[in-house]
Structure formats: C-alpha cells, structure tokens
Amino acid sequence: MTTFARIDRGEGRAAFARLDGDRLRLLAGAPWERTSETGEEVPLAGARLLAPVTPTKIVCVGRNYRAHAAELGNDVPAEPLLFFKPPSSIVAADETIELPEESSRVDHEAELGVVIGARCRRVSEERALDFIFGYTCVDDVTARDLQKKDGQWTRAKGFDTFCPTGPLLVTGIDPSALAVRCRVNGEIRQDGNTRDMLFSIARLIAYISGVMTLEPGDLIATGTPHGVGPIVAGDVVEVEVEGVGTLRNPVRPRG
C-alpha cells in the first residue's frame, strides 16, 4: 500500500507527494504518471492538504446500495444509474461545506472514491481493475429537496463545495469489502460496507467506460450506504473508508 497527497506550495502552486512516515516526498507530477520524486520533502505536520485529485470529470453512481434505495423509497436500478458532479464542487479535507440558500434540506452521503490511473474506453470487467490508480474518501453532498423538485440531479448535486474529497489517495488495497461510515458531530449516521454494492467496482468501470472515455485522475463516486441524513450549519461531517482514511469537513451557510 502506498499513500499520496496533494499539497499547497503557496503562491497558487500545488504538488503531489508520497507519504513516507511523517514526511511528504514531493513528486515531479501526478503519481499516476509514474513520475519521479524531486528529492525535496516536507513534514506532514503543518502541510496544507488539497484534494488529492483534479479530475476532468466526476462520475457518480446512484442507488448502488439496496438499503439506501429503499430508505428514499426508490426501486433498485437494473443497471448502474450515473450522474455527474462538476469538478468545481470539489473541496479538500477541513474545507467548508456551504449550505446554499436555495435548499432547506442538505444531506451527507459517504462514499468510496475510485481514481482512474490510465485512459480507458470500453474495457471489460475482467480488465477494469487494472485501470484503477487508487482510492479516496468522498462525500456526495446532496440538496435532497432540490433533487426531488427538479427531477434530475444536476443542481442538487452540483453546488460549489458539494464534493469533499480526500484527504489522501491510497493504492494497493482490495476495495471489495471496505467499511464506509459517516459521522456527524461524532455520532455514526452511516455504517455500510462495499461488499453490499449492487454493482461491483469492476462492473462500474466497464459500464462507465462503455459510455465515455475515462482519463487519468478522473474520479468515480461509487454510491452511498443507507443512513443518509441532513446536515446543518455548525455540524462537522466525517467520512471514513476503511484502509483509506477519514475526511473531515465543517458545515456553514453560504455567504
């Protein structure tokens, strides 16, 4: 298992780094580019961590856990249900989720995020996992009332700050049976496991890549287990994925 981060270098600069104990060893480029280390390192303590990806697209999967579909009164889909979040919705760990005034009900949705490592188009399920670089934590923040009102999900899922991602990017783990949890103010709200996905990660990549070409660094949010619920100003939301880490974000009104 190898862990990577993306850090703020100041003056609008960012750099990827490999975590080595309590040190970050800087890379010359993105880790999925098989780039080399620069020889420079910085302490993890005090480093400002950015979201570990800058994807061309964020592909999300709806209702990929049977119990989550049921809790919202929905049937389970016969094939993966896809939607997008814009890259502008990404925020890093410890950055703020902003509640838009257009919505009176904003929910947390804890998810395993899959980061693509190589360009893939129309890949088979048998080869799909070869195109994964690593995994991260995602909170698919959703304006639930707007999702129901609009009938399609672009606005409800796409507000700025509605895709907290990070804090780290982990490679070399088996994603088939990972605990996925959400805590709000320390209280467990969601407690699921990726083994309960309706569609496996390999199936998702094969299906998505049959629709669109996935590029290195693209992010797939693989669906949320049951237990979604509202967040309000002053809350602190934590998304924990076993073996990947914990993503923490405070909540406040937009403005």
Side-chain angles (χ1 to χ4, degrees), residues 51-65 68-92 95-116 121 136-166 180 182 190 197-199 201 203-205 207-215 217-233 235 237 239 247 249 251-255:
V53 288
T54 56
T56 69
K57 52 190 167 292
I58 306 165
V59 187
C60 304
V61 183
R63 303 173 191 166
N64 198 27
Y65 290 77
H68 170 59
E71 74 179 340
L72 297 181
N74 297 312
D75 295 330
V76 296
E79 56 187 5
L81 176 61
L82 305 182
F83 62 93
F84 286 113
K85 281 181 176 282
S88 55
S89 65
I90 288 182
V91 289
E95 292 186 331
T96 301
I97 299 169
E98 297 182 348
L99 302 176
E101 58 272 18
E102 293 90 343
S103 175
S104 60
R105 167 70 184 261
V106 174
D107 284 7
H108 58 78
E109 295 192 7
E111 308 200 6
L112 171 67
V114 173
V115 178
I116 297 298
R121 180 173 182 263
T136 192
C137 303
V138 173
D139 188 353
D140 174 20
V141 181
T142 303
R144 192 70 67 200
D145 53 345
L146 300 184
Q147 184 182 28
K148 294 178 180 178
K149 176 182 178 182
D150 292 353
Q152 52 80 27
W153 302 357
T154 302
R155 183 167 64 138
K157 301 282 191 173
F159 283 99
D160 288 352
T161 78
F162 269 28
C163 191
T165 303
V180 178
C182 178
Q190 294 179 266
M197 287 182 177
L198 291 170
F199 305 104
I201 291 171
R203 171 67 174 134
L204 293 178
I205 292 174
Y207 185 84
I208 295 166
S209 70
V211 178
M212 68 196 77
T213 300
L214 292 169
E215 301 289 351
D218 280 352
L219 178 63
I220 300 173
T222 56
T224 195
H226 75 283
V228 300
I231 53 177
V232 299
D235 284 345
V237 183
V239 171
L247 170 68
N249 296 92
V251 182
R252 68 170 175 81
R254 185 169 66 178

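By convention here, the first residue in the shown sequence is residue 1.
- Here the closest heavy-atom approach between residue Pro100 and residue Val106 is recorded as CD-CG2, 4.2 Å.
- Atoms SG and CG, on Cys60 and Leu82 in that order, are 9.0 Å from each other to the nearest 0.5 Å.
- With Leu219 as the fixed residue, the side-chain contact (heavy atoms from CB on, under 4.5 Å) test singles out one of Thr56, Thr136, Thr54: Thr136.
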So Val237 and Asp139, side chain to side chain contact (heavy atoms under 4.5 Å, CB included) or not? Walk me through it. CA-CA 9 Å; Val237 183; Asp139 188 353; 3.6 Å; yes
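- In this structure, Thr142 OG1 and Gln147 CD are separated by 6.0 Å, a value rounded to the nearest 0.5 Å.
- Ion pairing between Lys149 and Glu102 fails under the 4.0 Å rule for side-chain N and carboxylate O.
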Can Arg144 and Val228 be said to form a side chain to side chain contact (heavy atoms under 4.5 Å, CB included), step by step? CA-CA 10 Å; Arg144 192 70 67 200; Val228 300; 3.6 Å; yes
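- One finds the CG atom of Leu198 at 10.0 Å from the CG atom of Leu204 (value rounded to the nearest 0.5 Å).
- Across all non-hydrogen atoms, the minimal contact from Glu71 to His226 is OE2-CA, 3.3 Å.
- Summarising the geometry of Gly217 relative to Pro55, their closest heavy-atom pair is O-CB, 3.3 Å, with the distance given to 0.1 Å.
- Residues Thr154 and Gln152 bring a donor and an acceptor atom of their side chains to less than 3.5 Å of each other.
- Among all heavy-atom pairs drawn from Asp75 and Arg63, the shortest one is O-CD, 3.9 Å.
- Here Ile201 contributes atom CD1 and Ile220 contributes atom CD1; the two are 8.5 Å apart, rounded to the nearest 0.5 Å.
- The minimum heavy-atom distance between Lys85 and Lys157, with the atom names listed, is NZ-O, 2.7 Å.
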Pair Phe83, Asp140 - check side chain to side chain contact (heavy atoms under 4.5 Å, CB included), show working. CA-CA 11 Å; Phe83 62 93; Asp140 174 20; 3.5 Å; yes
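- Counting only distance, with no hydrogens or angles, the side chain of Glu98 and the backbone of Thr161 share no donor-acceptor pair below 3.5 Å.
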Using the side chain to side chain contact (heavy atoms under 4.5 Å, CB included) rule, take Met212 and Lys57 through it: C-alpha gap first, then chi angles, then the decisive distance, then the call. CA-CA 10 Å; Met212 68 196 77; Lys57 52 190 167 292; 3.9 Å; yes
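- Arg252 contributes atom CZ, which lies 5.0 Å from atom OG1 of Thr96 (distance to the nearest 0.5 angstrom).
- Taking a 6.0 Å sphere around CZ of Arg121, one finds it holds 12 or fewer heavy atoms contributed by other residues, nucleotides or ligands.
- Asn64 places no side-chain N or O within donor-acceptor distance of the main-chain N or O of Pro80, the cut-off being under 3.5 Å.
- With sequence neighbours left out, Phe159 forms a ring-ring contact (aromatic ring centres under 6.0 Å, His included) with Phe162.
- In this structure the side chain of His108 reaches within 4.5 angstrom of the side chain of Gln190, judged on heavy atoms.
- A side-chain contact (heavy atoms from CB on, under 4.5 Å) with Ile58 holds for exactly one of Val53, Asp218, Ile90; it is Ile90.
- A donor-acceptor pair is defined here as one N or O able to donate and one able to accept, closer than 3.5 Å; such a pair exists between the side chain of Asn249 and the backbone of Ala92.
- Contact record, Cys182 with Ala110: CB-CB, 3.8 Å, taken as the closest heavy-atom pair.
- The distance from the OG1 atom of Thr222 to the CD atom of Glu111 is 6.0 Å, given to the nearest 0.5 Å.
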